[in-house]
Amino acid sequence: MVLELERPMISLRHVSRHYGPIRAVDDVTLDIAAGEFFSLLGPSGCGKTTLLRMLGGFDAPTFGEVFIDGKSMAGVPANRRPTNMVFQNYALFPHLSIRENVGYGLLNRKMTKAAVADRVAQALEMIRLGHLADRWPHQLSGGQRQRVALARALVCEPKVLLLDEPLGALDKKLRAEMQSELRRIQRAVGITFVLVTHDQEEALTLSDRIAIMSAGRPLQIGDPRSLYEAPENRAVAEFIGEMNFFRAEVQAVRPEGTSVRVDGLGDLTVATRGTVAAGSAVTLAMRPEKIVLSWERPPHTDGMIEGRVVSETYLGDRCQYGVAVANHAAPIRVVTQNNMPGAGRQQDRPVWLDYPREALLLLTM
Ligand SMILES: Nc1ncnc2c1ncn2[C@@H]1O[C@H](COP(=O)(O)OP(=O)(O)OP(=O)(O)O)[C@@H](O)[C@H]1O
Ligand SMILES: [Mg+2]
């Protein structure tokens, strides 16, 4: 899928990177806009780092071409590219102070000492660590060191900042703080960010667009909402968030919708997506949080699914239930907000599930 952007900051054209028989990156064509926060999301080994390294000039494509700011990067080494990379292990120089660490990238530039000092002070202010400028790296927390690594990259004013799992080593709380920090900084400086992560929540929170990667190529590229609400195939639906899947057979395709016979749910009409023909096997998908669970039998149960709670997982603010229903092998997963006083021990209770029809997604692959 190629999005035609007016003036892309980054263009990949049929970019592949093979290691012997391994296609780490496999024929990727995509554009990233100037000022965009773009994430590469996918499981371990799907080629995220390899792709990022080719953008930064630390690796070269076996085939295809990378353009940054309109120029081909063929043969252009890392230090001549308008990019800067923040590596996962954010190695700071232990023998340099925070101020010197941040200023390091400016040493070889033709800048006056005062101009360098100014720029470093600005970058430290940006990451809110101005007061720690004279400390040593070992005197900072992991999150603070991570921010220094970020400042060190930003101070060079790259057009593109490449970030390889920059928050991977941080605990959950610090990670959330650093995420909003990253977003704030990206908005403030307006440069293009390409972030590699395998954390879907991180990608959803931060990104303008996300490429869901699998086996060296993007499965789908889109903004967080469309990836979550309208995944194009089962792999994407499975990778982002939780999903219930139902086997179904297409009965008829009409302008107002496609009618399908669904295991455990009966006959339904859903919005038509893609090309389907009567008789073909499809998958219906439904998010656990879009299902409405009633503990008491509702006055009208038409179209509802009756089941029995077989599992319960307490998640603090939410509860996840597994609900066994007739004619459907796997229990249906349902997530509810924990706003019921005294909830708990719901095992074996009969329940009724309702769902808005528009929450059902028809998947053909
Ligand atoms: N130098 C190399 N030589 C041989 N194979 C490599 C090399 N670098 C990467 N690979 C292979 O290419 C594939 C993609 O690797 P890559 O590091 O890009 O994955 P990743 O998506 O960044 O994974 P992770 O989330 O674990 O960091 C993997 O199968 C990996 O084993
Ligand atoms: Mg990696």
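Order of listing sets the numbers, starting from 1, for every ligand and every atom in it.
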Which of the atoms of ligand 1 are close to Ala24, meaning less than 4.0 Å from one of its heavy atoms? 12 (O), 13 (C), 14 (C)
Which donor-acceptor pairs under 3.5 Å do the side chains of residues 296-309 make with protein atoms, sequence neighbours left out?
residue : atom : partner : partner atom : Å
Arg308  : NH1  : Asp348  : OD1          : 2.8

Does CZ belonging to Arg183 count more than 12 external heavy atoms closer than 6.0 Å? yes
Can you tell me the protein heavy atom closest to atom 18 (O) of ligand 1 and the distance? Thr50 OG1, 2.5 Å
What protein heavy atom lies closest to atom 1 (N) of ligand 1? Include the residue and the distance to one decimal. Tyr19 CE2, 3.5 Å
What are the atoms of ligand 1, with element, lying closer than 4.0 Å to any heavy atom of Thr49? 17 (O), 18 (O), 20 (P), 22 (O), 27 (O)
Pairs satisfying side chain to side chain donor-acceptor pair (under 3.5 Å), at least one member in residues 57-68, at least two apart: Arg17-Asp59, Tyr19-Asp59, Glu65-Ser72
Donor on one side chain, acceptor on other, Asp27 and Ser16, under 3.5 Å: no
Under 4.0 Å from atom 30 (C) of ligand 1, can you find at least one protein heavy atom? no
protein heavy-atom neighbour closest to atom 23 (O) of ligand 1 works out as Gly45 N, 2.7 Å
Classify the side-chain pair Ser97/Asp134 by whether it contains a donor and acceptor separated by less than 3.5 Å. no
Atom 26 (O) of ligand 1 sits nearest the protein heavy atom Ser44 OG, 2.5 Å
Aromatic ring centroids of Phe58 and Phe87 under 6.0 Å? yes
Look at Glu36 together with Arg209 and state whether they make a salt bridge at an N to O cut-off of under 4.0 Å. yes
Aromatic contact, Phe63 with His14 (centres under 6.0 Å): no
Atoms named by residue and atom, protein N, O or S, within reach of the Mg ion (ligand 2) (under 2.8 Å): Thr49 OG1
Taking ILVMFWY side chains as joined if any heavy atoms are under 4.5 angstrom apart, and letting links pass through other members, which residues group with Leu107? Phe93, Leu96, Tyr104
